[in-house]
Amino acid sequence: MKNFELLTRYLKQNKLLYLTAIVLIILSNVDQSLLPQVLGNVTDGLKEGTLGREGIIQQSLILLAIAVSYGILFGLGQFTIMRLGRRFEFLTRGRIFAQFSRLSEDFFSKQGTGKLLSYVMNDVTSVREAISFGVTQTTNAVFMVISCVAMMLITGIPVILILVSVCPLILIPFLVIYFGPRIRERSMHVQEDLATMTESADEQIGGIRVTKTFAMEATAQKRFDETVDGVRSAQLRLVRMSSLFQAILPFLGALSLVVSLLVGGYMTIQHHLTLGSFVALTFYLRMLTGPLQQIGNVINMMQRSGASLERVNRLLAEVPSVRDHDAAIELNSIGDIEISHLSFSYPGTSEKALQDISFTIRKGHTIGLIGRTGSGKSTLAKLLLRVYEPPAGSIRVSGEDVTEVSLETLRRKIGYVPQDGFMFSTDIADNIAFSDRSANMEQVQRAADQALLLESVNTFKEGFQTKLGERGLTLSGGQRQRASLARGLMKRPELLILDDSMSAVDTLTESGILSNLVKERQGKTTLIIAHRISSVQHANEIIVLDEGRIVQRGSHEELMARRDGLYASMYRIQQEGLQHA
Ligand SMILES: Nc1ncnc2c1ncn2[C@@H]1O[C@H](COP(=O)(O)OP(=O)(O)OP(=O)(O)O)[C@@H](O)[C@H]1O
């Protein structure tokens, strides 16, 4: 029952509205079931000659009143239920997004964008359909059947005739038991294949520039076609099964009509049934085939949405691997940061990304972190930010174990500038002022100036109001890095972490940014992660990482003095590179 929690809670919260809507639909069914009765009376009246001109007009008006009241009752009921369905969709999408915001990076690294989007799009829509169309159609179908059978009994149609006519319909539950789980399983396959296709499209579109420059369009097309083909065959398997199911249902309806014609027709000839009652019976049976098909549709829909509901519930029940403890400490300020014997492996891997790291970042100091690619530099930054949870006690900020500190107070005090500065599709000013919604243009300009972005922005026609992304301008790699750096500086954080955030700017621009940085970060803690020695040589202390371990530490001069050390050899290689450039 836990799987239905999301739904049952919503249904309980809105039970009054649902009840009202269901009552309206039931009344509309009762109303409509009067129709064959009126037609039966008219048939008998016409046959016996008791129905005059006035009688015909009266009966026509009764039919009209039935039609109008049915429209009003059913329309209102359906509208209420659809509205509730849309509200559920809106609330659930909000909950899913809030859950995405809560979940940690390891969750996202396991799931592609396509899968995540399909929670918000396909799954929520599928559940919404079940609680809107599903509820209306189930109520409609069930009560139409009940009202029709009751009316048949009231109008004096013999019980035996009703029983034999309705007999073929009794097969329906058995059909449902057979087809239900099969449709469900195939439907889950379709959902999964759709998610894979969306992911593939997302990846191929994202990488279209790489594909084109490598002239690999055919390979990209083949990869995408394979996922489309997967969806097509999964959908065909589903369609085959559900079509067979939906074909048998109306057949049973028609069979019941054949039986009624044989038995009812005979009874009418034998005068055990009036012609009017026979006409009414055939109308009632026709009226029953619609609801029966609806039952089929609802079952299909329920199978689909059952799978979706399960996925959404599983997502909402997912516990973030990094979260605040019950008595999380509010961090007032970032003092010294002590890292002691820190070793770390990414979840699901056995290799150590960091091994026995110990050093202290003194408040107000600038620390350089340098090392070859894959040496663990970004991992260290992510652990400081608790993007991944470090082992308890291995990182202390102002004396507090970082794992005991509230995530919000920790992250609010840190400015993290990653290598690939992601830009939102708003304007440049909005991107720079991301952490401070009340910032004025002067502050934005100042941050842009410090990141040496101002000149580039001034060349854009709309300056800081230039829209970025999808329908806007695309910044160059270096401009994006500088915009991202301006965003970090704008925050004026107590700890600024630059994670290889100047790799795409030339050395001349880099040196300009660094001298601005030295002025701006006076007395504030800064951690500069880089490959280039030029980025870290001014730091108070430089830590050299290799294969997850600290291999050297000291000031630039101290490290240069060790000519056989990794630092000095990196320096020589970089100098040679510059001379050849
Ligand atoms: N999410 C992850 N899951 C598993 N392993 C990871 C993950 N992120 C990084 N690693 C591994 O951890 C090690 C250290 O990676 P890290 O990104 O910290 O290196 P880096 O020094 O910052 O490299 P670069 O200079 O190329 O950015 C690498 O072996 C990398 O493959």
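Basis for what follows: all heavy atoms, side chains included, without hydrogens, waters or symmetry-related copies. All ligand and atom numbering here is 1-based and tracks the order in the structure.
- Around atom CE of Met441, more than 12 heavy atoms belonging to other residues, nucleotides or ligands sit under 6.0 Å away.
- Looking at atom 17 (O) of ligand 1, its nearest protein heavy atom turns out to be Ser378 CB, 3.7 Å.
- Ligand 1 lies out of reach of Gly371, whose nearest heavy atom is not under 4.0 Å from it.
- Not a single N or O atom of Ala353, backbone or side chain, sits closer than 3.5 Å to an N or O atom of ligand 1.
- Under the 3.5 Å distance criterion, with hydrogens and angles disregarded, no donor-acceptor pair is assigned to the side chains of Thr196 and Asp193.
- Taking only non-hydrogen atoms, the option from Phe344, Tyr388, Tyr346 nearest to atom 3 (N) of ligand 1 is Tyr346.
- In summary, the side chains of His556 and Tyr567 do present a donor paired with an acceptor at a separation below 3.5 Å, with no hydrogens or angles considered.
- Side-chain atoms of Asp436 and Ser438 include a donor-acceptor pair closer than 3.5 Å.
- Aromatic ring centroids of Phe422 and Phe424 lie under 6.0 Å apart.
- Annotation for Glu389: atom CD counts as buried by contact number, over 12 foreign heavy atoms lying within 6.0 Å.
- Between Ser375 and ligand 1, a contact under 3.5 Å exists for at least one N or O pair.
- Backbone and side-chain nitrogen or oxygen atoms of Lys377 are examined, and one is located within less than 3.5 angstrom of a nitrogen or oxygen of ligand 1.
- Glu520 and Asn516 are not linked by any side-chain donor-acceptor pair at a separation below 3.5 angstrom, with hydrogens and angles left out of the test.
- Under 4.0 Å from ligand 1, not a single heavy atom of Ser109 appears.
- Across the listed options Asp546, Leu545, Thr379, Thr379 owns the non-hydrogen atom lying nearest to atom 15 (O) of ligand 1.
- At least one heavy atom of His531 sits under 4.0 Å from some atom of ligand 1.
- Distances from atom 21 (O) of ligand 1 to the protein include at least one heavy-atom value under 4.0 Å.
- Nearest protein heavy-atom neighbour of atom 26 (O) of ligand 1: Thr373 OG1, 2.6 Å.
- Side chains of Thr125 and Arg93: a donor on one and an acceptor on the other come within 3.5 Å.
- By the 4.0 Å heavy-atom criterion, Gly374 is counted among the residues contacting ligand 1.
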